[in-house]
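The structure appears below as structure tokens.
Residue numbers start from 1 in every chain, and the chains themselves are labelled A, B, ... in the order their sequence lines are given, proteins ahead of strands.
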Number of protein chains: 2
Amino acid sequence: METSHSGDELARILATLANPHRMRVIAALAHGRNYVSALARELGISRPLLQLHLAKLEAAGLVTAAFELSHDGKAMKYYDTVPFAVTLTPQSIALAARTLTTEEGQS
Amino acid sequence: METSHSGDELARILATLANPHRMRVIAALAHGRNYVSALARELGISRPLLQLHLAKLEAAGLVTAAFELSHDGKAMKYYDTVPFAVTLTPQSIALAARTLTTEEGQS
DNA sequence: TTCACCTGCAAGAAAAAACTAGCACGTGCC
DNA sequence: GGCACGTGCTAGTTTTTTCTTGCAGGTGAA
């Protein structure tokens, strides 16, 4: 359920999703939530790298993080997807472009 | 009318749209086709820079180019938008992620 | 204590993208 | 000819993003 985004928000969302690693993260989390280290092993990438991508996904509002204690008392950081739905058309892009703040306003 | 894209195609489309200049190009062309120099003036950016962005938009299949002779015999390169429609959800991302070719295949 | 697991952060290297400046070519018109 | 307009290209710089390496902290269990 997505309302319209500002141009900057949309640009950030698109830039965030336009990355193979992050697409795979979304794919992995779509099957169910998971914690950082396990996710890194599942995807076959280093943990710091995964944390970088997760931070970007969270900053774009595409995933959420929640701490949870495991049965043996360890603090695990679980990530999950946020159910988003963005439709891209020339018109939706044009609409979003009106609210871009990158340099100069519009004409 | 968009069918499903491969993971790489989708990544390229998103990366292409995730740029303020290119969003404004789409917005400008959505109002009607235009040629390079006029478009550069309208957007207030240099022509080489615009050509770079137009090349990326065309490579992603989001705009098309066509040469046309002006009344005084000059060869003008007109660009126009391609009517695309891409919907992004965690599921569509997950589906596209299966066909990513960046490094290693899938599990 | 030592080991295995979890987390976080930051500095520096490597790669990719964005942008500028400048050149080439062509045309019609004063 | 000189000027204004259209096109294309390329080399080099700047900026951003991506990724690695390495270290810090914490817990429970053998």
Side-chain angles (χ1 to χ4, degrees), chain A residues 7-8 11-26 33-60 62-80 97 100-104, chain B residues 8 11-26 33-60 62-80 100-104:
Chain A
D8 297 310
R12 159 166 278 184
I13 289 174
L14 296 181
T16 302
L17 289 177
N19 178 288
H21 285 327
R22 292 194 283 266
M23 288 178 68
R24 291 200 190 92
V25 169
I26 293 287
R33 48 194 250 120
N34 206 350
Y35 62 95
V36 184
S37 291
L39 196 54
R41 284 191 293 268
E42 179 181 338
L43 297 175
I45 65 177
S46 70
R47 190 173 52 80
L49 180 57
L50 175 60
Q51 286 176 318
L52 170 77
H53 289 308
L54 284 173
K56 295 205 171 193
L57 285 166
E58 189 176 12
L62 300 174
V63 302
T64 50
F67 275 102
E68 201 160 308
L69 286 181
S70 67
H71 59 291
D72 57 347
K74 289 176 185 165
M76 324 285 274
K77 192 169 191 180
Y78 275 85
Y79 277 90
D80 201 353
L100 285 173
T101 62
T102 325
E103 303 283 316
E104 60 182 348
Chain B
D8 297 310
R12 158 167 278 185
I13 289 174
L14 297 182
T16 302
L17 289 177
N19 179 287
H21 284 328
R22 291 194 286 265
M23 288 178 68
R24 290 201 190 92
V25 170
I26 294 287
R33 50 196 248 117
N34 207 349
Y35 62 96
V36 183
S37 291
L39 196 53
R41 283 191 294 269
E42 178 181 339
L43 297 175
I45 64 178
S46 71
R47 191 174 51 82
L49 180 57
L50 176 60
Q51 285 175 319
L52 169 77
H53 289 308
L54 284 172
K56 295 206 169 191
L57 284 165
E58 189 175 13
L62 300 174
V63 302
T64 50
F67 275 100
E68 200 158 310
L69 286 182
S70 67
H71 58 290
D72 56 348
K74 290 175 184 167
M76 323 284 274
K77 193 168 190 181
Y78 275 84
Y79 278 91
D80 201 352
L100 285 173
T101 61
T102 326
E103 303 283 316
E104 59 183 347

Stepwise side-chain contact (heavy atoms from CB on, under 4.5 Å) test for B:Glu42 and B:Leu39: CA-CA 5 Å; B:Glu42 178 181 339; B:Leu39 196 53; 4.2 Å; yes
Can you tell me how far [atom2] of [N] sits from [atom1] of [X], to the nearest Å?
X	N	atom1	atom2	result
B:His71	D:dG6	NE2	P	11 Å
B:Arg24	C:dA18	CZ	C1'	14 Å
B:Tyr79	D:dG6	OH	C1'	14 Å
B:Glu68	D:dG6	CD	C1'	14 Å
B:Phe67	C:dG26	CZ	P	15 Å
B:Leu54	D:dC9	CG	C1'	15 Å

Selection from C:dA18, D:dT7, C:dC6 that lies nearest to any side-chain heavy atom of B:Arg22: C:dA18
4.5 Å side-chain heavy-atom contact, B:Leu14 and A:Ile13: no
side-chain contact (heavy atoms from CB on, under 4.5 Å) assessment of B:Tyr35 paired with B:Lys77: CA-CA 5 Å; B:Tyr35 62 96; B:Lys77 193 168 190 181; 5.6 Å; no
side-chain contact (heavy atoms from CB on, under 4.5 Å) assessment of B:Asp80 paired with B:Val63: CA-CA 5 Å; B:Asp80 201 352; B:Val63 302; over 6 Å; no
Below 4.0 Å: OP1/OP2 of [N] and any side-chain N or O of [X]:
X	N	answer
A:Tyr35	C:dC6	yes
B:Arg41	D:dC5	no
B:Lys56	C:dA18	yes
A:Gln51	C:dG8	yes

Any residue meeting side-chain hydrogen bond (donor to acceptor under 3.5 Å, both in side chains) with A:Glu58, in chain and number order, not counting sequence neighbours: none
Contact letters for nucleotides 19-30 of chain D, in which S counts primed atoms plus P, OP1 and OP2 and B counts the base, heavy atoms under 4.0 Å: BBBB----BS--
Donor-acceptor contact present, side-chain B:Arg33 to main-chain B:Tyr78, <3.5 Å: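 Flag not set: sc B:Arg33 to bb B:Tyr78 has no pair under 3.5 Å.
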Atom pair CZ (A:Arg22) and CG (A:Leu17), whose distance is rounded to the nearest 0.5 Å: 8.0 Å
